[in-house]
Amino acid sequence: MFTGITRALCLLATLLFASCDNDPHPKPLVERGRDGGPPLVRYTYQSEAPRSLDPQEAYDQMSRRVLEPVYDCLLEYHPFKTDPYELIPCMLEAMPERHASADGPVTYLCRLKKGIFFHDDPCFPGGKGREVTAADVRYSWQRIADPKTECPVLSSLWDYVTGLKDAYELTQKNGGKFDYAAPFTALEVVDSHTFKVHLLKPYPQIIYWMAMHFTCPVAREAVEFYDGEKHDGKRRERFKWHPVGTGPFRYVHELSDHDNNFRLVRNERYITTKFPTDGWSPKREAVCRPLAGKQLPILDEVQIRILRETIPAWLLTKQGYLDSFGVSKDAYSSAVTATHELTPELLARGVTLEKDVEVSTFYTSINMDDPLLGKNKKLRQALACAFDAATENEIFFNGVREVAQQIIPPGIAGYRKDYRNPMGFNLARAQQLISEAGYPGGMDPKTGRSLEITMDTSASGADERLLTEFEQKCLEKLGIKVTVIENTFAKKIEKEDKGNFQLSSGTGWGADYPDPENFFMLFYSKNMPPEGKNISRYKNPEFDSLYEKMSTMDDGPDRLAISHKLVDMLNDDCPIFLTNHKAFFSLVQPWAPRTHNNMMLEGGVKYLCLDPTLREKKRAEWNH
């Protein structure tokens, strides 16, 4: 049987001998850059394949990393302004105009920029992409309500957006076929480039949703053309694997394999956004100042490879064949010193070290519909107290991450730096709690044997297997038996959505938008899969009532107090047990300096730059 390291080395050998000059990358599709020089091609990787490239369906980070360069959103985050985060227009001419009525309903008036076109594709007459209109925005919002789309944020929006829930329920009653010609009160088309979003009540977070791909315009021609059926004897792809976007990069379908690699090329007709003229930190002045005001994107092509093992990615980075690298456990001692500084070898190469802090929280989900775990609060609390998150952080993340004490991560309103979770690691208390739960010493009195619990995980590589084994051993110190079930990333998400698990390890949430409501919605009882992401199936009327109240409030002391109360309720009920807030070091090659550090962007590829001449020089030096 292959071990993780053996598989990694075999993969590396395959990559390195793919061509006679040891360059593992295929030849760029673009021969020359816009200035006539060498093309600017970015080489990057991710550890898992996307689950879908349909903007109204995809919710996982791996999918969003590929989607972001291909589909522009109505709004976007300023790449440099993170304290606080700032939304700016992308496809819209200006920020939405809010108009509130005395009796509750709210309307947002929005105007699209003119001259934005869908990418060229055979779904359009003559293969030429047409201009984006307000009707395309309306269509995308209709798709959110279409049960066939299975949009995972539908239930998060239907209590606020007028008509979404009605459209969904009417379709369910009529056999599941959505009527796109029927009146749709959520979004009103005013003219070709103007539309109104209608809300039932105040919901300040709606503008954040306009910076997400769920609300971005898609072409009806593309959705209907790529139906997965045979036409003239040839089967077409499904739309979820054939994106036809509006963004700075075009997805090259014929050269992309959604399980292994992706090819993106610069959209020649892109005029939507330019590089900002201010906001960057002083240390990025030399890189960003020359780019200020330039038409985006800077790059000509992006190649994304799926590398499920970290060893090949590390070795390819050392050889100069990857432009950046998130430092993994295997590579840590070779890249970073005990004082969290770059090693002298890499420093001499001109590599720089960046610490990235995601707006995220990771945890293990507990299925509250499970007959064993859902009804036994003491048992859930015992599991939470048995998990040693601090030791996990030191062993697997070199102490770089922050042990999570609350669902709200640092940088979000409501986060309390000095707060300590009463159900944090305490093995003695865990053993007392499991006895009070009816399983003294972890023994099941009905069978006379150790209580058995299953834990699902995704088997993406050796690191993840070791992490799961650590968690398993922590829980088994209670005297119980934990059986690990390995899944692919996509299969694990499917099981979470269907509720086919007891414990689901390695789950977590990266902020859709920088507001505590985005984390509390994960436990709102009306946000169950497939329409929502309450995968724990947590149901608590008091929690729901407080969540509904705070979700319509503007920031202030009263809203902050509710946030603290909701954190306390979750830590006591334990529908999850917390692990960490993700932070990691990244190596940045000297030819590909950082231009931004906003983790609300999924890579911010359109802002990236590089020096291909310096890259070739360094590769020659490092591989002689």
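For reference, positions follow the sequence shown, starting with 1. Side chains included, hydrogens not; waters and symmetry mates left out as well; all remaining heavy atoms used.
No side-chain heavy atom of L200 sits less than 4.5 Å from a side-chain heavy atom of D159. Residues R305 and T44 form no side-chain contact, since every pair of their non-hydrogen atoms from C-beta on lies 4.5 Å or further apart. Under the 4.5 Å side-chain criterion, counting only non-hydrogen atoms from C-beta, I480 is in contact with I434. Y168 places a side-chain heavy atom less than 4.5 Å from the side chain of L154.
We find that R401 and E392 are not joined by a salt bridge, their nearest charged nitrogen and carboxylate oxygen being 4.0 Å or further apart. Using a cut-off of 4.0 Å between Lys/Arg side-chain N and Asp/Glu carboxylate O, D573 and K377 are scored as salt-bridged. Under a 4.0 Å N-O distance rule, the pair K526/E548 qualifies as a salt bridge. Between D60 and K492, none of the side-chain N atoms (NZ, or NE/NH1/NH2) sits under 4.0 Å from a carboxylate O, so this pair counts as no salt bridge. Here D356 pairs with R594 in a salt bridge; the nearest charged N to carboxylate O distance falls below 4.0 Å. At a threshold of 4.0 Å, the pair K473-E469 counts as salt-bridged, since one of the basic side-chain nitrogens sits closer than that to a carboxylate oxygen. With respect to D515 and R559, a salt bridge is recorded, a charged nitrogen being found less than 4.0 Å from a carboxylate O.
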Query raised in the report: Between F520 and I562, does a side-chain contact (heavy atoms from CB on, under 4.5 Å) hold up when you go through it step by step?
Result: CA-CA 11 Å; F520 295 135; I562 293 176; over 6 Å; no

Report task. Starting from the C-alpha separation in whole Å, work towards a yes-or-no answer on side-chain contact (heavy atoms from CB on, under 4.5 Å) for S155 and M521. Result -> CA-CA 10 Å; S155 65; M521 75 172 189; over 6 Å; no

Report task. Test F577 against L475 for side-chain contact (heavy atoms from CB on, under 4.5 Å), laying out the working first. Result -> CA-CA 12 Å; F577 55 86; L475 301 184; 4.2 Å; yes

Query - Test ring pair (Phe, Tyr, Trp, His ring centres under 6.0 Å) applied to W314 and Y332, step by step - result: CA-CA 10 Å; W314 166 231; Y332 193 88; over 10 Å; no

Report task. Any chance you could lay out the salt bridge (Lys or Arg N to Asp or Glu O under 4.0 Å) test for D259 and R308, step after step, and finish with the verdict? Result -> CA-CA 11 Å; D259 285 326; R308 293 177 173 83; 5.0 Å; no

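Here the CD atom belonging to Q381 is positioned 5.5 Å from the CG atom belonging to L433, to the nearest 0.5 angstrom. Atom CG of N421 sits about 7.5 Å away from atom CE of M423, to the nearest 0.5 Å.
A side-chain donor from one of W209 and Y203 sits under 3.5 Å from a side-chain acceptor of the other.
Evaluated for a side-chain hydrogen bond (donor to acceptor under 3.5 Å, both in side chains) with Q502, the options D370, D456, T483 yield exactly one hit, D370.
Contacts classified as ring-ring contact (aromatic ring centres under 6.0 Å, His included) and involving residues 531-568 (residues at least two apart or in different chains) are given here: Y524-Y547, Y538-F543.
Checked by atom type and distance alone, the side chain of T468 pairs as donor or acceptor with a backbone atom of E464 at under 3.5 Å.
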